[in-house]
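For the numbers below, each heavy atom of this structure counts, side chains included, while hydrogens, waters and symmetry mates do not. So you know, we letter chains A, B, ... as the sequences are listed, proteins then strands, and number each from 1. Here the structure is a predicted model, which means the values were calculated and not measured.
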There are 2 protein chains.
Amino acid sequence: MTKEISQAVIKRMPRYYRYLGELLDDNVERISSRDLSKRMNVTASQIRQDLNNFGGFGQQGYGYNVKFLYDVIGRILGLDQTHNIIVVGAGNLGQALANYVKFEKFGFVITALFDVDPNLIGTKVRDIPVYGLDKLDEYCKNNEIDIAALTLPKNKADDVAHHLVDLGIGAIWNFAHVDLDLEEDDVIVENVHLSDSLMRLSYNIMQKKFS
Amino acid sequence: MTKEISQAVIKRMPRYYRYLGELLDDNVERISSRDLSKRMNVTASQIRQDLNNFGGFGQQGYGYNVKFLYDVIGRILGLDQTHNIIVVGAGNLGQALANYVKFEKFGFVITALFDVDPNLIGTKVRDIPVYGLDKLDEYCKNNEIDIAALTLPKNKADDVAHHLVDLGIGAIWNFAHVDLDLEEDDVIVENVHLSDSLMRLSYNIMQKKFS
DNA sequence: TAGATTGTTAATCGATTAACAATC
DNA sequence: TAGATTGTTAATCGATTAACAATC
């Protein structure tokens, strides 16, 4: 990549992908930035600007071919590759992730869960085995793991995260209610802070109530 | 409120709250915007600008009192109030939310789950009852519900969302992999699109790999 | 060819950072 | 009082929107 693309643009790409997927399901063959903008509630200008960060995928007078653009964005997002994921923390949230078949459609395959709870170790979640946390090193050495999802209490998250980095894991999907201290490390972190999300919702409720 | 506060600022408030909570746990009494900025990896200027949207909570030459600021932000985010939540869709994700005790610390109380699955109806998740979806109307009329969390398949999400709005629900916490079509309705929507998050992670993995 | 719609440049808008006088 | 640090104004930066020539 010659120029860095802003995170603001990246954030919007999955949404484009989602809408194009819906259009595809509805057998829509082509769409203009104007029509798409009306559906998505953004400006047509923004759509064209965003896409042109990656290349000129449209055609004057025609618009964009839905199937083509869907595939292109999928490739941009790396969904044409398989990503192996382990889930560390096999509580409800970890199990929920393991059960979410939808991810596989996008190339994300959960291969194992890890936990310290003896009641969970040895069980399976939709054919995915739950191992003891002490098996983590061995497993990571013998398998190509791309992403580790952290679904464990915040006091354990940081230690496990550092350990995973030492084991060579390159990306962490963090559900723990803490910002991992991994700035110095060469690892990609994507946070899902559910509490933060809920607090924003709460803020907006307050605003509505007192306005 | 006289002036609207930008969503960029709102987005950062829960993070401030989180860091102040940690400082509080560490018995730190006061902190300057400069010291906080170093911990949080943002500029001191931004912290002061953000906070001054809501008022002047600091003191020249002293900084900010941690406990005071923590409480203020909590109140700004509405965490001093109790918010009753119902979870519609009692699958893994719905159960994970119901099991997440942490939310209660911030005033969010899940009072009931709803599902169509006869195997789930009548069971309990941590003392929280699971009702049939046909009991939703009655329940909403007899109880003050502030938020409905939607943890169900996307094809059902839109219908249920509209139904909830008709029942008077003012806020929706949407986990379904779809943007709810509720623009015309007077309802607050907060989306948690896990797939989008995973795709952003995937994009960043690609970038690292080919750079 | 005429109409539609892109890709891209220029203009605007908003958000972030820097600077500093006010003041504890 | 002297030093520290805020609150706030001004400067900069980046992102969004508008406009339009290029072209299918």
Length of the line joining Arg12(B):CZ and dT17(C):C1', which is rounded to integer Å
12 Å
Just to be sure I understand: a Watson-Crick pair is purine N1 to pyrimidine N3 plus N6-O4 or O6-N4, both under 3.5 Å. Using that and G-U wobbles, which stems of three or more pairs involve DNA chain C?
C:3-24 with D:3-24
Can you tell me how far C1' of dA15(C) sits from CG of Asn53(B), to the nearest Å?
11 Å
OP1 or OP2 of dT16(D) sitting under 4.0 Å from any side-chain N/O of Thr43(A)?
no
Going by the angle between their ring planes, with limits at 30° and 60°, are His83(A) and Phe108(A) parallel, tilted or perpendicular?
parallel
Considering only NZ, NE, NH1 and NH2 on the basic side and carboxylate oxygens on the acidic side, decide whether Arg39(B) and Asp35(B) come within less than 4.0 Å.
no
Rounded to whole Å, please give me the gap between CD1 in Ile5(B) and P in dT16(C).
14 Å
Just by distance, no angles: are the side chains of Asp179(A) and His193(A) close enough, under 3.5 Å, to form a donor-acceptor pair?
yes
Asp196(B) bridged to Arg200(B) by N-O distance under 4.0 Å:
no
Side-chain donor-acceptor contact under 3.5 Å, Tyr70(B) with Tyr17(B):
yes
From CD1 of Ile47(A) over to C1' of dT8(C), roughly how many Å is that when rounded to an integer?
16 Å
Do Ser195(A) and Tyr100(B) have side-chain atoms, one donor and one acceptor, less than 3.5 Å apart?
no
Identify whether any heavy atom of Ser45(A) sits under 4.0 Å from a base atom; if not, whether one sits that close to sugar-phosphate; answer base, sugar-phosphate or nothing.
base
Gln46(A) has an atom CD; how far is it from atom C1' of dC13(C), in whole Å?
13 Å
Under 3.5 Å, is there a donor-acceptor pair linking the side chains of Asp137(B) and His163(B)?
yes
Counting primed atoms, P, OP1 and OP2 as sugar-phosphate and everything else as base, the B/S/- map of nucleotides 2-7 of chain D against protein heavy atoms under 4.0 Å is --BBBB
Any idea which heavy atoms bring Ala171(A) and Leu201(B) closest together, and the distance?
CB-CD1, 4.0 Å
Measure NZ/Lys11(B) against C1'/dG14(C) and give the value in whole Å, please.
16 Å
Under 4.0 Å: is that the gap between some side-chain N or O of Gln49(B) and OP1 or OP2 of dT16(C)?
no
With a cut-off of under 6.0 Å to the ring centre and 45° to the axis, is Arg30(B) in cation-pi contact with Tyr62(B)?
yes
